[in-house]
Enquirer: 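Have a look at this one before I ask anything.
Numbers restart at 1 for each chain; the letters A, B, ... are given by sequence-line order, proteins then strands.
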Amino acid sequence: MTDTVRVRFAPSPTGYLHVGGARTALFNWLFARRHKGVFILRIEDTDTQRSSEAMVQGILEGMHWLGLEHDEGPFFQSSFVEQHRATARRLVEEGKAYFDFTPKEATDDRTVKEKIADRFRARAEAGGDRNPYRDLPLEEAFARVEAGEPAAIRLKVPEEGSARFDDMVYGPQERDYSDIEDLVLIRSDGHPLYNLSVVVDDINMGITDVIRGQDHLTNTHKQVLLYEAMGVPVPRFAHLPLIIAPGKEKLSKRRHGEVVSVTTYRDRGFVPDAFVNFLALLGWSPGSDQEILSREELIEKFDLAGVNKAAAVFNFNESVQRDWTDPKALWFNSEYIKSMALDELVPMVSEQLKRAGLWREEYAGERSEWLARAVDLLRARYRTLVEFSEFGRPYFSDEFEYEPAAVQKNLKDERLRELLPGLADRLSSVGQFSHDAAEAALRGYAEERGVKAGLLINAARTAMTGQSVGPGLFDIMVILGRERTAERLRRAAGLVASNP
RNA sequence: GCCGCUAUGGUGUAAGUGGUUAACACGCCGCCCUCUCAAGGCGGAGAGUACGGGUUCGAGUCCCGUUAGCGGUACCA
């Protein structure tokens with residue numbers, strides 16, 4: 001037990017990195033870091049039909065964005081197929097596996113479930129006899145293979161007794177051998193299959209702890225059988241509860257699309273640490289009330305004993321635009337945005353401004369301090385980075401839209417047509433253009449003209465940002481500066497509604 | 001069909017070896033603050049622990065059954 005912990009994340013590149021995969025990767029990474037072990041990335045690309053290079057890139061990108069850097073790899077399973085074949089062949093020679101000459105059945109993946117049911121029924125009618133090739137003499141079997149007859153290789157599962165292993169999350173697991181079919185190790189076309197490949201690779205990579213989704217729980221018995229057949233020690237296993245869709249439906253890439261893809265969260269303005277924090281608490285708890293946990297705290301507190309057994313609902317809501325994903329994920333993000341170190345936030349916002357075409361070179365130079373102030377002013381009211389370039393646009397550009405509802409609400413009083421330019425003049429004359437000076441000037445002007453300060457304040461906010469909501473007006477004025485303030489106030493006079 | 005896993009407010013989770021009115025967070029509602037919206041502060045509604053049986057002085061915690069959801073059962077991964 002003093003051996004170095006070695007874990008791996010082994011996605012198959014048949015799709016983008018989704019939240020379930022990301023959570024599995026995260027837990028492996030946390031476990032490795034917690035135990036000062038090694039985190040390995042292995043791409044299981046043996047399904048050549050469905051795997052693609054683009055998906056490999058997508059997975060790598062997603063992991064990099066999440067900050068889950070691997071210590072070894074990426075290894076590609078496809079480069080180990082010779083070894084997989086050799087292992088299977090050796091098992092045949094040792095009498096632990098056998099050649100099956102039964103002609104391959106055509107499979108169409110769309111109807112597998114029905115096929116399985118059909119097969120079960122047929123088997124029950126036939127009396128459930130076992131494979132006739134199971135006990136074919138070795139010489140005869142090899143002779144037929146030499147002669148070119150296609151054969152799959154299957155593992156000989158014991159006829160009586162049961163397989164068992166102890167799962168670090170789900171506890172002791174037992175399954176009758178009679179419920180396990182002699183699994184195919186190598187297809188008749190020579191292609192190694194999943195259960196064989198993982199086991200061989202995990203052995204080669206010295207994996208000590210296999211941490212993966214619960215969808216592999218029952219198949220683990222087959223893998224344990226394989227370890228035993230090869231005469232090597234069985235690693236520890238930990239299965240993670242699955243992440244499911246609202247309504248406790250299963251998560252489907254097809255149906256739920258990009259809302260479950262990690263890159264969507266990157267593109268829609270999530271802070272990586274916030275998303276990691278959210279993911280960590282989906283199926284795991286530190287056992288305390290603490291919700292906000294830094295990466296370091298996560299590593300320090302991570303423990304498989306705190307992993308929950310029930311599937312966790314990822315509560316996204318595709319139908320509501322501003323609440324497109326799990327509200328708690330959004331809350332974590334806004335929490336990070338408003339309380340993380342400003343000098344970490346500013347580069348993220350800068351990146352967003354670049355993407356939106358709002359970046360100016362001065363922000364990196366003489367205006368860097370101004371940028372930090374602007375970000376600090378806005379951060380408490382935004383939930384994603386993207387909002388800095390959307391709702392935040394008027395702060396970074398002179399070209400922005402006036403929201404009709406805001407204009408309607410705050411620029412409808414006809415007196416404003418004249419008051420706004422008047423206010424601009426008044427503000428131009430204040431000495432130091434500060435928050436307090438601007439406020440004094442505005443309030444004084446309002447009193448002189450016999451209008452409520454609120455009228456001017458709300459009108460000015462809409463005049464300056466096109467919006468009816470936002471930071472305190474005088475903060476807005478200071479951040480935009482005297483010239484822009486005056487200019488926007490004058491410009492907006494033209495928007496004041498003419499007589500209703 | 002068969003095998004397995006799971007089941008605490010709408011969601012994520014707490015409640016060491018069974019022991020007072022089931023806790024926290026998100027979300028929701030209200031109040032305060034206030035030039036608006038957030039943020040922040042304060043308060044509230046919302047579960048009697050899927051259902052039904054047991055065991056026990058006592059069960060969210062143990063046992064059995066039912067139901068539901070999910071997973072597996074492939075010459076997919």
Enquirer: At less than 3.5 Å, do the side-chain atoms of A/Ser188 and the base atoms of B/rC75 form a donor-acceptor pair?
Expert: yes

Enquirer: Return the value, rounded to whole Å, for the distance between atom CH2 of A/Trp331 and atom C1' of B/rU13.
Expert: 13 Å

Enquirer: Within 45° of the six-membered ring axis of A/Phe27 and under 6.0 Å from that ring's centre, is NZ or CZ of A/Arg23 located there?
Expert: yes

Enquirer: For A/Ala453, answer base if it contacts any base atom (sugar-phosphate contacts may also be present), sugar-phosphate if it contacts only those atoms, and nothing otherwise; contact means non-hydrogen atoms under 4.0 Å.
Expert: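 A/Ala453: no heavy atom of the nucleic acid under 4.0 Å.
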
Enquirer: Describe the nucleic acid contact of A/Pro471 in one word from base, sugar-phosphate, nothing, applying a heavy-atom distance below 4.0 Å.
Expert: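 Base, at least one base heavy atom under 4.0 Å.
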
Enquirer: Choosing from B/rC75, B/rG72, B/rA14, which nucleotide comes nearest the side chain of A/Ser285?
Expert: B/rA14

Enquirer: Rounded to whole angstrom, note down the P distance from B/rC62 over to B/rA14.
Expert: 15 Å

Enquirer: With a 4.0 Å cut-off on heavy atoms, is A/Gly306 in touch with a base, just the backbone sugar-phosphate, or nothing at all?
Expert: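 Sugar-phosphate, no base atom in range.
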
Enquirer: Do the side-chain N or O atoms of A/Arg187 get closer than 4.0 angstrom to the phosphate oxygens (OP1, OP2) of B/rC76?
Expert: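 So the side chain of A/Arg187 is within the cut-off, an N or O lying under 4.0 Å from OP1 or OP2 of B/rC76.
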
Enquirer: Going by 5.5 Å between centroids and 30° between planes, is there a stack of A/His216 over B/rA77?
Expert: yes

Enquirer: With a 6.0 Å cut-off on ring centres, are A/Phe165 and A/Phe237 close enough?
Expert: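 Yes, the ring centres sit under 6.0 Å apart.
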
Enquirer: Are the aromatic ring centres of A/Tyr194 and A/His84 under 6.0 angstrom apart?
Expert: no

Enquirer: Across all strands shown, which nucleotide pairs with B/rG1 by Watson-Crick or G-U wobble geometry, both distances under 3.5 Å?
Expert: B/rU73

Enquirer: For A/Trp331, is the NZ or CZ atom of A/Arg383 found under 6.0 angstrom from the centre of its six-membered ring and inside 45 degrees of the ring axis?
Expert: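 Pair A/Arg383/A/Trp331 does not count as cation-pi.
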
Enquirer: Could you give the CD1-to-P distance, from A/Ile243 to B/rC70, as a whole number of Å?
Expert: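 Rounded to the whole Å, the gap is 16 Å.
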
Enquirer: With respect to the side chain of A/Asp179, which nucleotide from B/rC2, B/rA25, B/rC35 is positioned closest?
Expert: B/rC2

Enquirer: Roughly how many Å is it from CD in A/Glu439 to P in B/rU36, rounded to a whole number?
Expert: 12 Å

Enquirer: Could you give the distance from CD (A/Glu44) to CZ (A/Arg8), rounded to the nearest 0.5 Å?
Expert: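 Between atom CD of A/Glu44 and atom CZ of A/Arg8 there are 6.5 Å.
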
Enquirer: Using whole Å, what does the distance between atom P of nucleotide B/rA38 and atom CD1 of A/Ile337 come to?
Expert: 17 Å

Enquirer: Tell me if the centroids of the rings in A/Trp284 and A/Phe302 come within less than 6.0 Å of each other.
Expert: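 Close enough - the centres of the two rings lie under 6.0 Å apart.
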
Enquirer: If I take atom CZ in residue A/Phe316 and atom C1' in nucleotide B/rG27, what distance separates them, rounded to the nearest angstrom?
Expert: 17 Å

Enquirer: Among B/rU36, B/rC70, B/rU11, which is the nearest nucleotide to the side chain of A/Leu242?
Expert: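 Of all the options, the side chain of A/Leu242 is nearest to B/rC70.
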
Enquirer: According to the Watson-Crick and G-U wobble definitions, with both distances under 3.5 Å, which nucleotide is paired to B/rG9?
Expert: none

Enquirer: Classify A/Ser334 by what it touches in the nucleic acid, base, sugar-phosphate, or nothing, heavy-atom distance under 4.0 Å.
Expert: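 No contact.
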
Enquirer: Across the strands shown, which category fits A/Gly213 at heavy-atom distances under 4.0 angstrom: base, sugar-phosphate, nothing?
Expert: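 Result for A/Gly213 = nothing.
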
Enquirer: Remember a base hit wins even if backbone is also touched, and classify A/Ser468 as base, sugar-phosphate or nothing at under 4.0 Å, heavy atoms.
Expert: base

Enquirer: In whole Å, measure the gap between the P atoms of B/rU49 and B/rG40 for me.
Expert: 34 Å

Enquirer: Is A/Thr218 near enough to B/rC5 that one of its side-chain N or O atoms lies under 4.0 angstrom from OP1 or OP2?
Expert: no

Enquirer: Suppose you measure atom P in B/rG52 against the same atom in B/rA39; what distance do you get, rounded to whole Å?
Expert: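 Comparing P positions in B/rG52 and B/rA39 gives a spacing of 41 Å.
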
Enquirer: What's the closest nucleotide to the A/Phe474 side chain, out of B/rC75, B/rC35, B/rC76?
Expert: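 Closest nucleotide among those given: B/rC35.
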
Enquirer: Using a cut-off of less than 4.0 Å, is there contact between a side-chain N or O of A/Arg461 and OP1 or OP2 of B/rC37?
Expert: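 No, no such contact exists.
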
Enquirer: Take atom C1' in B/rG71 and the same atom in B/rG10, then report the distance between them in whole Å.
Expert: 25 Å

Enquirer: Contact class for A/Gly472 (heavy atom, under 4.0 Å): base, sugar-phosphate, or nothing?
Expert: base

Enquirer: Expressed in whole Å, how much space separates the C1' atoms belonging to B/rG60 and B/rA47?
Expert: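 Straight-line distance between the two C1' atoms is 11 Å.
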
Enquirer: Is the centre of the A/Tyr133 ring less than 6.0 Å from the centre of the A/Tyr98 ring?
Expert: no

Enquirer: So if I take every side-chain heavy atom of A/Val469 and compare against B/rG71, B/rG69, B/rC37, which nucleotide ends up nearest?
Expert: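 When the side chain of A/Val469 is considered, B/rC37 is the closest of B/rG71, B/rG69, B/rC37.
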
Enquirer: Could you say whether A/Lys250 or A/Leu217 is positioned toward the 5' end of RNA chain B, judged by the nucleotide with the nearest heavy atom to each?
Expert: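 So the residue in question is A/Leu217.
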
Enquirer: Does a side-chain N or O from A/Asn317 land closer than 4.0 Å to OP1 or OP2 of B/rU11, or not?
Expert: no

Enquirer: Can you tell me how far P in B/rG41 sits from the matching atom in B/rG27, rounded to whole Å?
Expert: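 The same atom, P, in both gives a distance of 13 Å.
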
Enquirer: Could you please name the option among B/rU6, B/rG4, B/rC35 that lies closest to any side-chain atom of A/Arg443?
Expert: B/rC35

Enquirer: Compare side-chain N and O positions of A/Asn308 against OP1 and OP2 of B/rU13 and report whether any pair is under 4.0 Å apart.
Expert: yes

Enquirer: Go through B/rC35, B/rA77, B/rC5 for me and flag the one nearest to the A/Leu473 side chain.
Expert: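 Looking only at heavy atoms from C-beta outward on A/Leu473, the closest nucleotide is B/rC35.
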
Enquirer: Ring centroid separation for A/His256 and A/Phe314, is it under 6.0 angstrom?
Expert: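 Aromatic pair excluded; centres sit 6.0 Å or further apart.
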
Enquirer: I want to check one thing: is the phosphate of B/rU73, taken as OP1 and OP2, less than 4.0 Å away from some side-chain N or O of A/Asn219?
Expert: yes

Enquirer: Between B/rU36, B/rA77, B/rA39, which one does the side chain of A/Leu193 approach most closely?
Expert: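 Selected nucleotide: B/rA77.
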
Enquirer: Could you please name the partner base of B/rC35, counting Watson-Crick and G-U wobble pairs only when both distances are under 3.5 Å?
Expert: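 Pair assignment: B/rC35 / none.
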
Enquirer: For B/rU49, give the paired nucleotide (Watson-Crick: N1-N3 plus N6-O4 or O6-N4; G-U: N1-O2 and O6-N3; both under 3.5 Å), or none.
Expert: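 Partner of B/rU49: none found under 3.5 Å.
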
Enquirer: Hey, can you tell me if A/Tyr402 and A/Phe400 have their rings parallel, tilted or perpendicular (30° and 60° cut-offs)?
Expert: tilted

Enquirer: It should be established whether A/Arg379 places a side-chain nitrogen or oxygen under 4.0 Å from OP1 or OP2 of nucleotide B/rA38.
Expert: no

Enquirer: Taking the side chain of A/Lys248 as its heavy atoms from C-beta onward, which of B/rU13, B/rU11, B/rA77 lies nearest to it?
Expert: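 Nucleotide nearest to A/Lys248's side chain: B/rU11.
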
Enquirer: Determine the Euclidean distance between corresponding C1' atoms of B/rU34 and B/rC26; express it in Å to zero decimal places.
Expert: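 It works out to 26 Å between them.
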
Enquirer: Do you know which of A/Leu345, A/Ile292, A/Val276 makes side chain to side chain contact (heavy atoms under 4.5 Å, CB included) with A/Tyr336?
Expert: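 One option only clears the test, and that one is A/Ile292.
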
Enquirer: How far, in whole Å, is B/rA7 from B/rC51 if one measures between their P atoms?
Expert: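 Each nucleotide's P atom is 14 Å from the other's.
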
Enquirer: With the 90 degree cut-off around zero defining syn, does B/rG54 come out syn or anti?
Expert: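 Anti conformation here, the glycosidic angle of B/rG54 being more than 90° from 0.
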
Enquirer: Without decimals, in angstroms, what is the distance between A/Asp202 CG and B/rA77 C1'?
Expert: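 Distance check: A/Asp202 CG to B/rA77 C1' gives 14 Å.
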
Enquirer: If I take atom CD in residue A/Glu291 and atom C1' in nucleotide B/rC24, what distance separates them, rounded to the nearest angstrom?
Expert: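 After rounding, the reported distance stands at 7 Å.
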
Enquirer: Measure from the side chain of A/Arg381, starting at C-beta and using heavy atoms only, and say which of B/rU36, B/rC37, B/rU11 lies closest.
Expert: B/rC37

Enquirer: Tell me which of A/Asp475 and A/Phe278 sits closer to the 5' end of RNA chain B, going by the nucleotide each one is nearest to.
Expert: A/Phe278

Enquirer: Check every strand shown and say whether A/Gln290 touches a base, only sugar-phosphate, or nothing at a heavy-atom separation below 4.0 Å.
Expert: nothing

Enquirer: Rounding to an integer number of Å, can you tell me how far A/Ile180 CD1 sits from B/rG71 P?
Expert: 20 Å

Enquirer: Tell me what A/Tyr194 touches on the nucleic acid: a base, only sugar-phosphate, or nothing, going by heavy atoms under 4.0 Å.
Expert: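 A/Tyr194: base contact, heavy atoms under 4.0 Å.
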
